[in-house]
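Index from 1, following the sequence. As the structure is a prediction and not an experimental result, all values here were calculated from the model.
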Amino acid sequence: MKNINVYSILLFVFGAIYLLFAQGTGALIASQIVGEIDKKHEDVKVLINWENAKWIGYTKDNRPEEWAARDLVRNQPPININTWEPTEEDLKVIRRKTHPSVLLRKSFSISKEIASAQIAVCGLGLYELYLNGKKVGDRVLDPAQTSYDKRAFYVRHDITEAIGKNNSLGLMLGNGFYGQNMAFWPGLAYGKPRAILVLNILYKDGTKEQIVTDESWKAHSSPILFDNIYLGETYDARAELSDWSTFKFDDTSWETAEIMKAPTQNLVEQDLEPMRKIRAVKPIAVWKAEKGWILDMGQNMTGWLAISVKEKEGTVVKMRFAEHLMPDKQNIDPASTGIHVTGNTQTDVYICKGDGVETWEPRFTYHAFRYVQIEGLSGTPDLSQFTGWLVRTDAERIGTFKSSDPLINKFYDVSMWTIEDNIQGLLSDCPHRERCAWMGDAYVVAEAASFNFDLKRLWQKTSSDMQTVLGVSKAHFKDPFPYDSRAPSNISVGKRLCLQARPDWGAATIMVPWFSYVYYGDKTIIEGAWDMMEGWMAYLDEKVQEDGIINGGFGDWCPPGGNPEMDTPPALTSTALYYQSLVSMGKMALVLDKKEVANSYAEKAKLLKKAFNQTFFNVEAKSYGSQTGNAFALYSGLVPEGLGQLVADNLANLIMKDKNGHYSTGIFGHRPLYTILNDYGHDAVTKHLWSITDYPSLGFMTEEHDLTVWPEGVSNWDKNERYYRHSFNHPMQSGFAASLHESLGGIRPDEDFPGFERFILRPTFLSGLQWCEVAHKSPRGKIESSWRKNNGQIEWLVSVPQTSTAMVQLPHFKAKQILLNNESVTNNTFKLKSGKHVVTINF
């Protein structure tokens with residue numbers, strides 16, 4: 001046993017050399033071969049050798065046309081669908097099939113005792129793995145989406161405890177994003193479903209056996225007659241094949257699996273947490289509709305509906321999903337879920353087999369919805385028949401917040417639901433219409449999301465995704481920047497990339513790795529992204545105007561009333577983001593011990609700051625001209641020294657006087673708005689903004705319109721009319737929720753001591769708030785910050801992890817007002833060692 005480690009290392013080295021030089025002909029050669037350690041033999045690493053495995057599938061299509069295809073409407077309605085009367089031409093449809101879902105199987109027997117058995121599998125677009133009649137594991141919608149021509153994920157499964165003498169492996173394949181040929185049709189599909197699999201068996205006598213996908217596998221069509229990640233799934237229970245993945249199953253009538261072309265030569269083990277069914281959501285109401293019944297889940301959610309029905313054979317149960325109802329509440333209104341680009345409503349269909357109570361849920365699709373319109377039931381449905389499942393990447397929840405104000409608590413809950421609804425193997429812009437990883441959205445929400453979810457692996461994947469789309473898109477027609485191979489796309493993964501990244505959206509190439517490093521303390525993401533980041537910065541350096549400004553960009557996206565109401569020039573936000581990137585690059589260069597490079601970025605940042613203020617700062621008014629201009633300049637560190645308070649005072653005036661006590665910021669300005677107000681003593685303005693319910697305000701959305709997730713943008717909607725077609729589930733609007741941790745709780749990372757080795761505690765004891773409790777599970781342990789006001793005192797309880805220190809900053813109080821653990825302090829800034837502390841403040 002002492003020599004096993006040496007043997008494993010040699011095996012790894014020679015295997016790696018082989019992979020570097022081998023020329024794969026029929027099989028895909030993996031670029032990453034080291035997998036997770038076998039649980040029973042922790043000193044042995046299993047080498048995945050793909051040389052003998054082949055990609056297999058089954059393309060024969062014998063599905064009934066009625067169920068294998070759906071109608072797609074291709075003409076887009078105008079923005080104002082409230083007054084749109086579609087013409088006959090507008091309603092013309094095309095009928096299109098999905099690629100067929102596939103069943104693949106292979107039986108085998110073993111005659112010796114097993115020490116370990118591990119499967120490595122990649123099934124594209126999505127797969128479910130079965131062994132001896134049972135699904136292996138609890139992963140769903142596996143693997144995570146990638147740019148499949150650049151890389152695809154494989155997943156390991158340990159089946160040591162489940163394997164027996166006689167065995168059968170089964171794979172069920174669906175289209176996922178790989179075979180998505182309907183929404184945004186026709187250019188997004190990579191191909192038909194296919195899979196590659198290796199089963200490595202280690203026997204107790206030391207011998208090994210490998211079972212791989214090849215021509216020996218059998219294939220058959222699946223009972224899934226239609227599956228599209230956007231549009232839904234159709235399942236015919238009458239076509240189920242009982243025990244199809246068991247050893248006893250007779251597959252003599254099945255056909256031989258087809259050898260398929262490898263989609264990529266870069267097969268990488270998925271490090272990202274899998275998608276799972278996270279929690280059940282029970283519906284709160286059901287009522288008779290114009291057609292069928294309408295189910296209210298009580299929450300706009302991402303996932304699917306599980307049903308339990310008892311109907312006659314052949315009964316068709318149709319479920320259509322939407323975020324809204326028509327004004328008369330007799331039909332769902334699917335406009336906001338993207339029918340103008342997906343072509344139809346999110347719809348699942350279940351065809352009953354008629355043998356008693358039948359339970360079903362989809363496998364290869366997911367929806368974003370609050371309401372479900374169900375047709376085909378013979379009787380009055382009961383709520384107990386239905387369960388919604390929130391489905392997302394199973395990243396750990398690491399943040400909590402609650403306070404004495406129910407409305408602020410609701411804003412936090414709505415923000416978290418919106419983020420959760422969009423963690424689907426990537427951070428999507430919305431979970432129904434586009435499902436795309438827009439880079440500007442990732443930048444805006446990164447900090448709020450990182451306070452509350454362990455997204456270290458997600459940000460690593462996001463950064464790696466960005467590298468797969470470098471130089472693949474044409475330049476954006478609205479910017480004066482030509483095509484450049486160093487520039488990523490506006491969307492970081494897939495085929496719907498929406499042109500070359502504009503200067504503001506592209507900042508995510510720098511800021512996502514930076515935020516990840518600051519919050520999680522792992523420089524691996526910086527090392528892996530360095531070449532990409534330097535390339536992007538060099539590209540921008542060449543595009544700086546003579547006055548030092550970066551022109552172009554999408555700008556302060558989605559302010560109240562929509563982009564026509566944008567009151568901040570895109571050049572201001574693009575240049576501020578360029579400055580943030582320069583500063584962050586300088587600090588990351590130091591992390592990598594690149595001192596000369598760091599100095600170069602610091603000098604560029606210094607010059608840019610001067611240019612920014614010469615162009616955008618009104619010295620007399622002490623203003624950058626808008627709420628976003630002021631808030632974003634302060635957040636970016638661009639305000640001249642000594643003028644921060646005056647700029648913040650102007651920000652408060654712009655809100656309370658110029659906008660009659662309302663915000664006008666888009667996503668860039670809204671992210672830091674409340675933290676900036678609170679830091680500069682304007683927490684009464686924050687409390688006002690968080691208390692009102694008229695338009696525009698957060699309360700207008702949650703209280704007046706009962707929204708449970710944040711919409712793409714807020715407009716002055718009328719409850720008696722239809723909502724616009726824009727998405728009502730957009731995480732970029734949750735960016736402001738970072739203020740609940742960093743400002744009300746006061747928990748802020750110290751970028752000089754990443755991963756919360758040292759952190760800052762700077763709470764705002766918000767005007768009108770009686771108590772607040774905030775927690776964040778950092779890489780070094782749980783940080784807690786809880787305060788309560790009582791009889792002219794604030795009692796603030798703080799918990800600092802064992803290997804951390806905290807720097808307390810209380811700039812709005814004097815030292816004589818503060819007691820630390822019942823002892824006087826000499827300054828309103830002081831250090832806390834690990835442990836629990838009580839800070840008492842007299843006010």
Side-chain angles (χ1 to χ4, degrees), residues 401 403-404 447 451 518 622 631 634-635 637 639-652 672-687 738-754 756-776 778 780 783-801 804-843:
F401 169 89
S403 75
S404 59
E447 291 180 281
F451 269 125
V518 169
K622 302 298 184 289
L634 285 164
Y635 172 68
V639 176
E641 187 175 352
L643 298 181
Q645 185 64 56
L646 295 175
V647 173
D649 294 346
N650 181 265
L651 170 62
L673 180 64
Y674 308 110
T675 296
I676 293 297
L677 288 169
N678 295 344
D679 280 356
Y680 287 93
H682 292 292
D683 58 300
V685 177
T686 294
K687 186 59 169 66
S739 63
L740 301 176
H741 269 82
E742 71 188 7
S743 187
L744 294 197
I747 303 171
R748 308 183 191 198
D750 184 336
E751 59 193 36
D752 294 326
F753 298 87
F756 292 85
E757 178 185 355
R758 189 176 80 183
F759 59 94
I760 298 164
L761 286 170
R762 185 177 176 173
T764 296
F765 307 110
L766 191 71
S767 172
L769 202 63
Q770 291 304 304
W771 59 268
C772 179
E773 297 177 357
V774 179
H776 170 71
S778 78
R780 291 178 174 269
I783 301 169
E784 296 176 289
S785 173
S786 303
W787 54 262
R788 182 178 297 271
K789 298 174 183 176
N790 187 27
N791 296 325
Q793 275 192 338
I794 299 169
E795 185 178 73
W796 177 28
L797 306 180
V798 175
S799 180
V800 179
S804 295
T805 58
M807 293 302 300
V808 175
Q809 299 175 357
L810 297 169
H812 302 298
F813 299 93
K814 296 179 181 179
K816 64 182 181 181
Q817 296 175 272
I818 305 167
L819 293 175
L820 171 60
N821 300 323
N822 289 321
E823 298 287 339
S824 298
V825 297
T826 58
N827 203 310
N828 60 3
T829 299
F830 49 90
K831 182 185 291 187
L832 295 180
K833 295 182 179 180
S834 62
K836 296 185 182 297
H837 303 275
V838 180
V839 179
T840 306
I841 304 169
N842 295 293
F843 67 98

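Inter-residue side-chain proximity for R788 and Q793 is flagged as unmet; no heavy-atom pair is nearer than 4.5 Å. For the pair I676 and S743, the minimum side-chain heavy-atom distance is 4.5 Å or more. Residues K836 and L797 have side chains not in contact (no heavy-atom distance under 4.5 Å, counting atoms from C-beta outward). In this structure, I747 and L761 have side chains that are in contact, with non-hydrogen atoms separated by less than 4.5 Å. By the 4.5 Å heavy-atom criterion applied to side chains, L673 and L651 are counted as neighbours. When side chains are defined from C-beta on, F830 counts as touching I818, because their heavy atoms get closer than 4.5 Å. Side-chain contact between P749 and E447: absent, with no pair of heavy atoms (C-beta onward) separated by less than 4.5 Å. Side-chain contact between K622 and D649 is absent, with no heavy-atom pair separated by less than 4.5 Å.
Between the side chain of H776 and the main chain of E784, no donor-acceptor pair closer than 3.5 Å is present. Between the side chain of Q817 and the backbone N or O of N842, at least one donor-acceptor pair lies under 3.5 Å. Using a distance-only test at 3.5 Å, with no hydrogens or angles considered, a donor-acceptor pair links the side chain of K789 to the main chain of F765. Judged by distance alone, the side chain of R762 and the main-chain N or O of D679 form a donor-acceptor pair under 3.5 Å. A donor-acceptor pair is defined here as one N or O able to donate and one able to accept, closer than 3.5 Å; such a pair exists between the side chain of N827 and the backbone of T829.
Nearest heavy-atom pair across V800 and S804 is CG1-O, 3.5 Å. Closest of all the heavy-atom pairs between H837 and G835 is CD2-O, 3.4 Å. Heavy atoms only, all atoms of each residue included: P672 and A631 are closest at CG-O, 4.0 Å. Closest approach of P763 to G745, counting heavy atoms only: CB-O, 3.9 Å. Minimum interatomic distance between A652 and V685 (heavy atoms only, all atoms of both residues): CB-CG2, 4.2 Å.
One distance of note links CG of D750 with CZ of R758; it measures 4.5 Å at 0.5 Å rounding. Taking OH of Y680 as the start and CG of L646 as the end, the distance is 10.0 Å to the nearest 0.5 Å. Remark: I783 CD1 to F759 CZ distance equals 4.0 Å, nearest 0.5 Å. With rounding to the nearest 0.5 Å, the separation of CZ in F401 from CD in E773 is 10.0 Å. Expressed to the nearest 0.5 Å, how far CG of L832 lies from CE of M807 amounts to 8.5 Å. The CZ atom of R748 sits 6.0 Å away from atom OG1 of T675, with the distance rounded to the nearest 0.5 Å.
Annotation: side-chain hydrogen bond (donor to acceptor under 3.5 Å, both in side chains) contacts of W796 (sequence neighbours excluded): S785. With sequence neighbours left out, K687 forms a side-chain hydrogen bond (donor to acceptor under 3.5 Å, both in side chains) with D405, S691. Shown here are the side chain to side chain contact (heavy atoms under 4.5 Å, CB included) partners of D683, two or more places apart in sequence or in another chain: N678, T764, L766, S767.
In summary, the side chains of H812 and N828 do not present any donor paired with an acceptor at a separation below 3.5 Å, with no hydrogens or angles considered.
Atom CG of N822 has 12 or fewer heavy atoms from other residues, nucleotides or ligands within 6.0 Å.
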